[in-house]
Amino acid sequence: MLTVYDSDQALYDDARVEQAMRPMMKMLPYFLLNIEGVTDRADLDLTTTTKPRDFDVRRLPPNVVPQTEKSGDCGVFVIKHLECLLADIPLSNVVDDVIQHSRQKLCVDLFYQNIEP
């Protein structure tokens, strides 16, 4: 299952999102099979065929995806969303009040990664 965190659902309807995600829905099962090197995975449904089934896609409702109120913060919001998803932290922690601090922390982290010893 691929989950789409789309904060601007007025821009594209579900059919257009599914059409845009279709290549990823087809490619990802093959990618996972090759990365893990496993020939039989229950979640890829290889019991009756050697071709894995396509992933399904679901789109979260706008009230689940945190929204930024300030223009220009969307990139930092995406990074914070990914951090929360990877750390299993609720997305409700990503709010406008913490974005400026997150932006400054990200800048410092990037700056110090590029300094040569």
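For D109, the side-chain hydrogen bond (donor to acceptor under 3.5 Å, both in side chains) partners are K105, not counting sequence neighbours. By the side-chain hydrogen bond (donor to acceptor under 3.5 Å, both in side chains) test, R22 is found to be paired with no residue, residues two or more places apart in sequence or in another chain being considered. Taking the side-chain hydrogen bond (donor to acceptor under 3.5 Å, both in side chains) definition, one finds that E83 meets it with K80, sequence neighbours left out. Judged as a salt bridge (charged side-chain N to carboxylate O under 4.0 Å, His left out), and not counting sequence neighbours, the contacts of R103 are D73.
Under the 4.5 Å side-chain contact rule for hydrophobic residues, V94 and L85 do not share a cluster. Each of L82 and L91 belongs to its own hydrophobic cluster when Ile, Leu, Val, Met, Phe, Trp and Tyr are linked at side-chain heavy-atom distances under 4.5 angstrom. I99 and I79 are assigned to two separate hydrophobic clusters, defined by single-linkage of ILVMFWY side chains at heavy-atom distances under 4.5 Å.
More than 12 heavy atoms of other shown residues, nucleotides or ligands fall within 6.0 angstrom of atom CE in M27. More than 12 heavy atoms of other residues, nucleotides or ligands sit less than 6.0 Å from atom CD of Q104.
For residues 67-93, every residue pair satisfying the ring pair (Phe, Tyr, Trp, His ring centres under 6.0 Å) rule, not counting sequence neighbours, is listed here: F77-H81.
Considering all non-hydrogen atoms of both residues, C84 and P90 come closest at SG-O, 4.1 Å. Heavy atoms only, all atoms of each residue included: E18 and M25 are closest at O-SD, 4.3 Å.
V98 belongs to a hydrophobic cluster whose other members, connected by ILVMFWY side-chain contacts under 4.5 Å either directly or through intermediates, are V95.
Distance check: R59 CZ to D13 CG gives 7.5 Å after rounding to the nearest 0.5 Å.
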